[in-house]
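Down below is the structure, laid out as structure tokens.
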Amino acid sequence: MGQGEFVEEVASRRQRVLALGLSALLLVSAFLIAPYASTPLPQLPHISGTYGAAVAMINLATFWLLITAPAQTRAHSAIAAAYLFAGLMAVLHVLTFPGAILESQPLMGSPHAVSWLFIAWRGGFALFIGWAALRDRHPGIHGAQGGSLPYVVALVVVCGAVAISQLTDAAAVSTQSGRQFFSAFSVYGSHAAAVVAVVSILLIAVRGLYKRSIFVWLVFVMSAEAAGVFLSTYGGGRYTLSWYLARVEGVVVSSVMLLVLGQHFRRLQHRLADSVTVLRSRTETLQAEMARRERLEAQLAQAEKLKAVGQLGASLAHDLNNILQVITGRLTILQRRVGQAADGDSEVIRRNLRKAEVLTRQLTSLSGRRHFLAAPLKLDEALSGTADAVRPLLEARHALSVDCEAGLPAVTLDGLEFEVAITNLVTNARDAMPDGGPIAMRAFKQERGGRAEVVVEVSDTGIGIKPEVREHIFEPFFSTKEQGKGTGLGLAQVSAFITKSNGRVDVRSEPGKGTTFALIFPVKLQADTPGAAEARDVASAPISSGDVVLLVDDNDDVREASEQLLLAGGFVVRAASNGREALELLERGFAPDVVISDIVMPGDMHGVELVRRIRQRLPAVRSVLVTGHSDVAEGARREGVPVIPKPYDLQTLLKALG
């Protein structure tokens, strides 16, 4: 509940019982004290100064708390005006009471002004409370804003009371035998103020306002006002028991509303603290959810990017492999024609062809559709072979070492992909040390969570990887190398290879102190790829020079280069540009010993479907499929048809044919 709703706050049963009980106790106490009201006590005029100052501060503080409400009803503003009026009158009481500040006279006005002002003070406060009771929920103004009228009235009344008290010198007290006795005006004026307080209580009761917290406590305040004003003059003069008790009552009663407001603000503070706690919790939850959504969106964007890159890579790989196949075939033919004189040039071309082949494998790995031919691999042999293959890529200032722990278990991996991954890491290590340095390849076994693993590390002492770069190194096409010195696919291929191999990669790097890539593989022998055994069985049947080959490929250059390779191997070749043309040859009686077909061809018949139809007619025919990249190659392998990737040379083709 906000400050603006303070007047509307419903009183609890406990509050009503407590306020009414205190009111009754106060009235009973006044009745019991009445017989002793006139008992004289020492004359201490400065008590009135202390009393007035205390009451002024309390009432003005209460007024300030009430007026700071963001939305004030009419009753609210009238109550606030009552406390403004009471606070200012308390200040005037101090200034006009003889001996409160100066030794025996008032600071302003005559010695009789204080009695006039006291009566106006007590009666005026009660009138403002009665006005608040009348203004609350008045027909036609319910919920209306309080406005500034009550505050203007309070200030005008204060000024008027000061003016009237200074215009007359009518005696409010008389001095007899050193004691000050009240005149009839003071007595009846005080009694009239008490009656106004009682009327205010009756208005609160008649209008049913006692059900609300602020009015319940105003009933107690008005009861104390009536009793205090009555007792103050009942003793007959100043400095009596009743006169002093009336001052004590004034301080206590003035504090009641301040305490009620304090409790109200305390509840507000607790609710605010609870709300802040809830908001903080919700904010943290919202921030966590936003962070999670941002991560998911980033992962989705990365996945979509990888998907797009993969599709592009698959398309490029297919076209590049066809081009490489043409170059490979023509190179073989040229080398046969020219002889040893072209061996040096041929070796340079073949070395760059291998680089291009590695690049196309990286592209197909990114597509996520390349078939991994996993088989038990001896890492010591694989690392030694890879080291021999990559040494020509290094210069003399880069020393490559291989250290394999004895007795390493075999790990089920795609040997070709493993070689490509290690080659990528070694070339990255080379580029990280432009001034030269050692490159170390190491393999060892470790235990993790009760499971055996084999770790292959490639380390360098180069420039290292900056922390802000490390999280991006496996992204496709991300590279920190100079333009033209890196494709940004090497580490992406490593990541794809590790994922396909059910392993993980650990990167340890410190700028200026080198980098170590650790490829970690689980030691678990897996069965060969389905259909691999069948493929070996089919490919193991012997063929001989002079066998008839049906060659099917839609690319004219690839088909011609492959035909030249086969002719150079001593085969009889008949070529077709698509599946339909190949089937027409069979319908005309052509019976080949071997069918070599590209998988991806235009039209509604790919190479796998062509082989199926040929086998239905000629069950004994042997088949080999070749591809630059294809999603249906895995189906061919499961059916026992050997599949070799482009580019291939004559030795690879003859090996596949047995």
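Quick note: residue numbers are just sequence positions, from 1.
Looking at heavy atoms from C-beta onward, S190 lies out of side-chain contact with S115 at the 4.5 angstrom threshold. By the 4.5 Å heavy-atom criterion applied to side chains, E284 and R280 are counted as neighbours. Side-chain contact check for T96 versus V162: every heavy-atom pair is 4.5 Å or farther apart. Between S200 and E225, the closest side-chain pair of non-hydrogen atoms is not below 4.5 Å. With contacts defined as side-chain heavy-atom distances shorter than 4.5 Å, the pair L245/E249 does not qualify. With a 4.5 Å cut-off on side-chain heavy atoms, R135 and P150 count as touching. Inter-residue side-chain proximity for F517 and L491 is flagged as met; some heavy-atom pair is nearer than 4.5 Å. Side-chain contact between I129 and I204 is present, with heavy atoms from C-beta onward closer than 4.5 Å.
What you find for G237 and W243 is that their closest heavy atoms are O-CB, 4.0 Å. Among all heavy-atom pairs drawn from V229 and A194, the shortest one is CG1-N, 4.3 Å. For the pair A226 and V198, the tightest heavy-atom approach, listed with the atom from each and the gap, is CB-CG2, 4.2 Å. Nearest heavy atoms, L95 versus I101: CD2-CD1, 4.0 Å. Nearest heavy atom pair, residue R16 against residue A11, reads NH1-O, 2.9 Å. The minimum heavy-atom distance linking A246 with R122 is given by the pair O-NH2, 4.4 Å.
Ring geometry for Y244 versus Y239: interplanar angle of 30 to 60°, hence tilted. Aromatic ring orientation, W121 versus F118: perpendicular (interplanar angle above 60°, classes split at 30° and 60°). Between F85 and F128, the ring-plane angle classifies as tilted under the 30° and 60° cut-offs. Ring-plane geometry between Y188 and H191 is classed as perpendicular, the angle between the planes exceeding 60 degrees on a 0 to 90 degree scale with a lower cut at 30.
Side-chain contact annotation: T516 with E457, donor-acceptor N/O pair under 3.5 Å absent.
Within the 3.5 Å criterion, the main-chain N or O of V219 finds a donor-acceptor partner in the side chain of S223. Listed for the S255 side chain is a donor-acceptor partner under 3.5 Å among the backbone atoms of V251. Here the side chain of D460 pairs a donor or acceptor atom with the backbone of T515 at under 3.5 angstrom. Of the possible donor and acceptor atoms, none in the side chain of S148 sits under 3.5 Å from a partner among the backbone N and O of Y151. Put simply, the side chain of R451 never gets that close to the backbone of P522: no donor and acceptor are under 3.5 Å apart.
Expressed to the nearest 0.5 Å, how far CZ of F31 lies from CG of L26 amounts to 14.0 Å. The distance from atom CD of E297 to atom CE of M290, rounded to the nearest 0.5 Å, is 9.5 Å. Atoms CG and CG, on L279 and D274 in that order, are 11.0 Å from each other to the nearest 0.5 Å. Note that CZ of F63 and OG1 of T68 are 9.5 Å apart. Values are rounded to the nearest 0.5 Å. Summarising the geometry, atom CG belonging to L84 is positioned 11.5 Å from atom OG1 belonging to T62; distances are rounded to the nearest 0.5 Å. For the atom pair CG of L117 and CD1 of I164, the computed distance is 9.5 Å after rounding to the nearest 0.5 Å.
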(Q) Apply side chain to side chain contact (heavy atoms under 4.5 Å, CB included) to residues L25 and F220 and explain how you reach the verdict. (A) CA-CA 10 Å; L25 179 63; F220 170 70; over 6 Å; no
L66 and L261: side chain to side chain contact (heavy atoms under 4.5 Å, CB included), yes or no, with the steps?
CA-CA 8 Å; L66 287 168; L261 281 169; 4.0 Å; yes
Worked verdict on V157 versus V153 for side chain to side chain contact (heavy atoms under 4.5 Å, CB included):
CA-CA 6 Å; V157 172; V153 172; 4.1 Å; yes
| field | Stepwise side chain to side chain contact (heavy atoms under 4.5 Å, CB included) check, N59 with F125 | value | CA-CA 11 Å; N59 285 340; F125 180 79; 5.8 Å; no
- Message: Test ring-ring contact (aromatic ring centres under 6.0 Å, His included) on W64 and Y83; report intermediate values, then the result.
- Response: CA-CA 9 Å; W64 181 254; Y83 278 93; over 10 Å; no
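For Y51, the OH atom is densely surrounded, since the number of other residues' heavy atoms within 6.0 Å is greater than 12. Remark: E289 CD is packed, more than 12 non-hydrogen atoms of other residues, nucleotides or ligands lying under 6.0 Å away.
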